[in-house]
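A short worksheet on the structure shown next.
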Amino acid sequence: MTRTKIAVIGGSGIYDIDGLENAEWVTVDTPWGTPSDQILTGALGGVEMAFLPRHGRGHVHSPTDVPYRANIDALKRLGVTDVISASACGSFREHMAPGDFVIVDQFIDRTFARDKSFFGTGCVAHVSLAEPTCPRLSDACETAGRAAGITIHRGGTYLAMEGPQFSTLAESRMYREHWGADVIGMTNMPEAKLAREAELCYASIAMVTDYDSWHPDHGEVDVAAIIATLTGNAEKGRALVKGLPALLGPERTPCPHGCDRALDFAMLTAPEKRDPQVLARLDAVAGRVL
Ligand SMILES: CSC[C@H]1O[C@H](OP(=O)(O)O)[C@H](O)[C@@H]1O
Ligand SMILES: Nc1ncnc2[nH]cnc12
């Protein structure tokens with residue numbers, strides 16, 4: 001058994017969480033640069049918690065420029081075991097309406113201007129991503145969400161676009177009609193990939209703010225409408241988070257889906273060929289297997 005430490009990465013509109021005991025904003029330095037902001041640490045119902053505002057307080061980082069590697073490394077360095085992303089998203093499905101939450105279980109990664117791996121020349125590794133989110137952690141999010149009275153859709157494919165502009169109508173239709181995407185956002189990739197490389201359980205709560213641009217009865221997506229829905233979504237998100245400690249508990253068994261052992265068979269570079277400088281940067285992320 002190891003100690004549970006739950007991190008929430010708060011997306012647009014979520015810049016802090018309340019109710020933490022012994023709350024303290026801490027600065028974490030990483031070999032991958034500075035995280036989006038300080039990290040709020042504390043406890044909730046006897047379970048250790050951490051909160052990181054993805055875009056920084058005051059929303060300073062664009063989706064492209066969020067320091068994804070520093071964020072995941074910093075959470076790992078703090079001893080986090082489970083990461084929950086709370087994100088604003090557009091919906092491609094009529095029944096996934098603004099105000100609803102989707103517990104995402106698949107991704108299509110259309111981003112192209114981000115660092116997507118901790119590994120590379122000097123230490124090559126390939127993790128599996130067939131199931132990119134953790135079912136155990138997703139179960140807890142679903143249960144906590146339903147208990148909070150939120151309309152939850154379990155399962156959905158999140159298309160991660162580069163942004164920062166929203167999609168054209170043609171793109172929106174293509175993602176919805178031909179690619180099978182259910183929701184769209186700009187941040188869950190490469191975050192989910194990096195969480196897997198860092199052997200962290202990762203669940204994604206996509207909080208629907210709009211119907212993107214495909215819906216004939218809804219106008220084009222714009223930030224003002226998104227923010228109006230976001231405020232209500234953020235309140236619901238806080239209620240969901242409060243239910244998680246009781247469901248996950250202060251101690252955890254190994255992940256039944258293997259998220260915390262993702263690197264067991266991933267390293268390809270022969271030990272004698274690994275670059276010591278590269279390995280030094282991997283101390284938190286891959287220390288368990290190096
Ligand atoms: C505010 S609209 C677009 C913006 O909101 C979402 O951010 P996050 O995923 O961090 O909640 C979306 O991905 C875009 O970055
Ligand atoms: N329609 C949309 N497209 C991309 N990111 C979003 N975030 C919220 N709504 C979005």
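We count ligands from 1, going down the list as the structure has it; atoms in each ligand are counted the same way.
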Can a non-hydrogen atom of V223 be found less than 4.0 Å from any atom of ligand 1? no
Below the 3.5 angstrom mark, is there an N/O of M186, backbone or side chain, next to an N/O of ligand 1? yes
Is T187 touching ligand 1 with its side chain, its backbone, both, or neither, if touching means heavy atoms under 4.0 Å apart? both
I'd like the name of whichever of G10, S12, A225 reaches closest to atom 4 (C) of ligand 1 through any heavy atom. S12
Any N/O pair R54/ligand 1 closer than 3.5 Å: yes
Quiz item: cation-pi between R176 and W214, 6.0 Å / 45°: yes
Among all protein heavy atoms in this structure, tell me which lies nearest to atom 5 (N) of ligand 2, with the distance rounded to 0.1 Å. G185 CA, 3.5 Å
Need the ligand 1 atom indices (1-based, order shown) with element for anything under 4.0 Å from a heavy-atom of G185. 13 (O)
Protein heavy atom at shortest distance from atom 10 (C) of ligand 2: G90 N, 3.4 Å
Could you check whether K236 pairs with D100 (Lys NZ or Arg NE/NH1/NH2 to Asp/Glu carboxylate O, under 4.0 Å)? no
Check ligand 2 against D210 and write out every atom of the ligand that is under 4.0 Å from a heavy-atom position of the residue. 1 (N), 2 (C), 8 (C), 9 (N), 10 (C)
At their closest point, which heavy atom of L159 faces which heavy atom of Y175, and how far apart are they? CD1-CD2, 3.4 Å
For P63, the ligand 1 atoms whose distance to one of its heavy atoms is below 4.0 Å: 15 (O)
Counting from 1, what ligand 2 atoms have a heavy atom of M186 closer than 4.0 Å? 4 (C), 5 (N)
Proximal ligand 1 atoms for G11, defined as those under 4.0 Å from one of its heavy atoms: 8 (P), 10 (O), 11 (O)
Starting from atom 3 (C) of ligand 1, which protein heavy atom do you reach first, and at what distance in Å? F166 CE2, 4.1 Å
Got a donor-acceptor contact below 3.5 angstrom from the R69 side chain to the S117 backbone? yes
For D212, the atoms of ligand 2 under 4.0 Å from one of its heavy atoms are 1 (N), 2 (C), 3 (N)
Need the ligand 2 atom indices (1-based, order shown) with element for anything under 4.0 Å from a heavy-atom of I226. 8 (C), 9 (N)
Please state which part of S87 comes within less than 4.0 Å of ligand 2, counting heavy atoms only: side chain, backbone, both or neither. neither
Sequence neighbours excluded, the answer for salt bridge (Lys or Arg N to Asp or Glu O under 4.0 Å) partners of D82 is R252
Side chains of T41 and E24: do they bring a donor and an acceptor to under 3.5 Å? no
Compute the shortest N/O to N/O distance between M161 and ligand 2 and return yes if it is under 3.5 Å, no if not. no
T64 side chain to S62 side chain, donor-acceptor N/O pair below 3.5 angstrom: no
T209: numbered ligand 2 atoms lying under 4.0 Å from its heavy atoms: 8 (C), 9 (N)
Is there any ring pair (Phe, Tyr, Trp, His ring centres under 6.0 Å) pair reaching into residues 139-159, and which pairs are they, with sequence neighbours excluded? H95-H153, F107-Y158
